[in-house]
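Step one of this worksheet: look at the structure below.
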Amino acid sequence: MHRGFTRNFRPLEILTQEQVETIWSRALDVLWTTGVRIEHRRALEVLERNGCRVDYDQMRVRMPQGLVEECLRKVPSSFRLKARDPDKDIILGGSTLHFIPFPGMHTVDLETWDPRPPTRQEFIDGVRVLDACENLGCFGSYTPYFGYADVPPAMAITEGFALQLTHSTKAQFMEGTAAGSDIFNLQLAQAVGVEYCGVVACSAPLTYYEDQIDGLFRYVEAGFPVVCGGGHVMGGSGPATFAGSLILDLAMDTAPIVLAQLLRPGTRTGMGDIGFAMNMRTGSPDFGAIATSLHQVARAQLSRKYSCVIGAAACGISSSKRIDFQCGYEKALSVMTAALGGANLIWLHGGIYGELTHHPVQAVLDEEIAGMVGRFVQGITVNDDTLALELIEQVGPVPGNYLTTPHTREWWKKEQYVQKFTDRLTLPEWTAAGKKSALDYARERTEQILATHKISKPLSATEEEEVQRILKDAYSYYGKKGML
């Protein structure tokens, strides 16, 4: 099992307990007084039978507080996800932290920084690099890219998922739901013996379209987990204030959790914070803004009230359009704050500008961020060995030193995080080595991975045939709908 990192101290809390109770209370008020639009007749009927007020003309459902809290209490506080390789299974929830890739619509040219659609081979290369990242616990939706050049948009999610399953044995945390893609993604997962969390995405504010709820029904019926993400932009599709934005976010994410628990009590569900601050100069999401980090830390604290699995989804990206200083500091700051705030999953590896660009060289750089942040959250071990009182007595004052002692040889690698390729040379060594930058080292590491990395468990011939059959069925399905 991929253990990820274990947080060994209390998560950062920026809200008082009174503020937590107030925000949750108002979110429950929104679910009852304002309600949520759910464009799905069957879902409205289920909710009405369980005490909700339903307006079928407006497709608006209002959920009573008692029902909502009863359903939230049925959500497992942690759960396991089965990977293709049992050694790569992960457990989500509690004090565990896993890292997940951040997707992009396009790759980028590392010389000109111009974005462009990736080729199919570049998609595969991206998957292979991510599979080689030891600190990466699982894959996510649309990773590394939203499809590739020449694949029909209707098939982008399913074709991409098939390539993930073929070229990686890591767990698949989540996969997107659009126009029935879940029909075929579920078949692909079952064909190779894995699980994933089905995404049920809200269209802010407070609206769930039919395809998302169709997916929820299929996931629950298949016994798969569900992750609910109410993405919005503060000041655009959500309130500009943190408190109002958090209320809206909780209401949007909670609504499908209620439905899932009514359909199958105990269904594994999680929440993902995909809220961004708005750049008021341009009207676009302010990727990498410290305001987004503040939102995510508060959101994680609020989610712990009901012991929900928490995904900090908006943190591993930047407003920079290239791999540079801005990209590094915006990503590192937001990832560290999310980790301190108690997130169980952090989107990080490979993302550059928003959800628009991704590159495997960035994923290699992010692997170092993940390792450093992961080591930090593990905290400090205090016991007889680490206190080192006998050693301090043995070494004494100058000219004593600790470098050659067995204690140092035993403990230094346990206490420190050892970077794989980050520049730690002295200035003379760096000059003699050609004055390489972090980007130079990452490019070399990426090339090394692509030349040598092999997955731990290739698909069997039978599994490969089944994957191709399912893809053929998917093309036929979308062809008949006129979507190819």
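As the structure is a computational prediction, the values presented were derived from the model and not from experiment.
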| task | Determine the sole option in Tyr353, Tyr145, Tyr148 for which the ring-ring contact (aromatic ring centres under 6.0 Å, His included) test with His358 is passed. | result | Tyr145
Could you tell me whether [X] and [Y] make a salt bridge, using a distance below 4.0 angstrom between a side-chain N and a carboxylate O?
X: Asp109; Y: Arg116; answer: no
X: Glu13; Y: Arg10; answer: yes
X: Glu447; Y: Arg443; answer: no

| message | Does anything in residues 305-314 form a side chain to side chain donor-acceptor pair (under 3.5 Å)? List the pairs, not counting sequence neighbours. | response | Glu21-Lys305, Glu69-Tyr306
Regarding [X] and [Y], do their side chains bring together a donor and an acceptor under 3.5 Å, going by distance alone?
X: Arg304; Y: Gln301; value: no
X: Thr337; Y: Ser334; value: no
X: Thr169; Y: Lys457; value: no
X: Gln296; Y: Ser293; value: no
X: Ser456; Y: Asp85; value: yes
X: Thr422; Y: Glu368; value: yes
X: His167; Y: Asp131; value: no
X: Ser318; Y: Tyr329; value: no

| Qualifying salt bridge (Lys or Arg N to Asp or Glu O under 4.0 Å) pairs, either residue in residues 382-402, two or more places apart | none
By ring pair (Phe, Tyr, Trp, His ring centres under 6.0 Å), which residues pair with [X], not counting sequence neighbours?
X: His359; result: none
X: Phe79; result: none
X: His2; result: His98

Side-chain ([X]) to main-chain ([Y]) donor-acceptor, under 3.5 angstrom:
X: Thr254; Y: Leu250; answer: yes
X: Gln362; Y: His349; answer: no
X: Arg268; Y: Pro76; answer: no

| salt bridge (charged side-chain N to carboxylate O under 4.0 Å, His left out) involving Arg80 - partner list, sequence neighbours excluded | Asp89
| task | Measure up the Phe224 and Tyr196 rings against each other and bin them: parallel (under 30°), tilted (30 to 60°), perpendicular (over 60°). | result | perpendicular
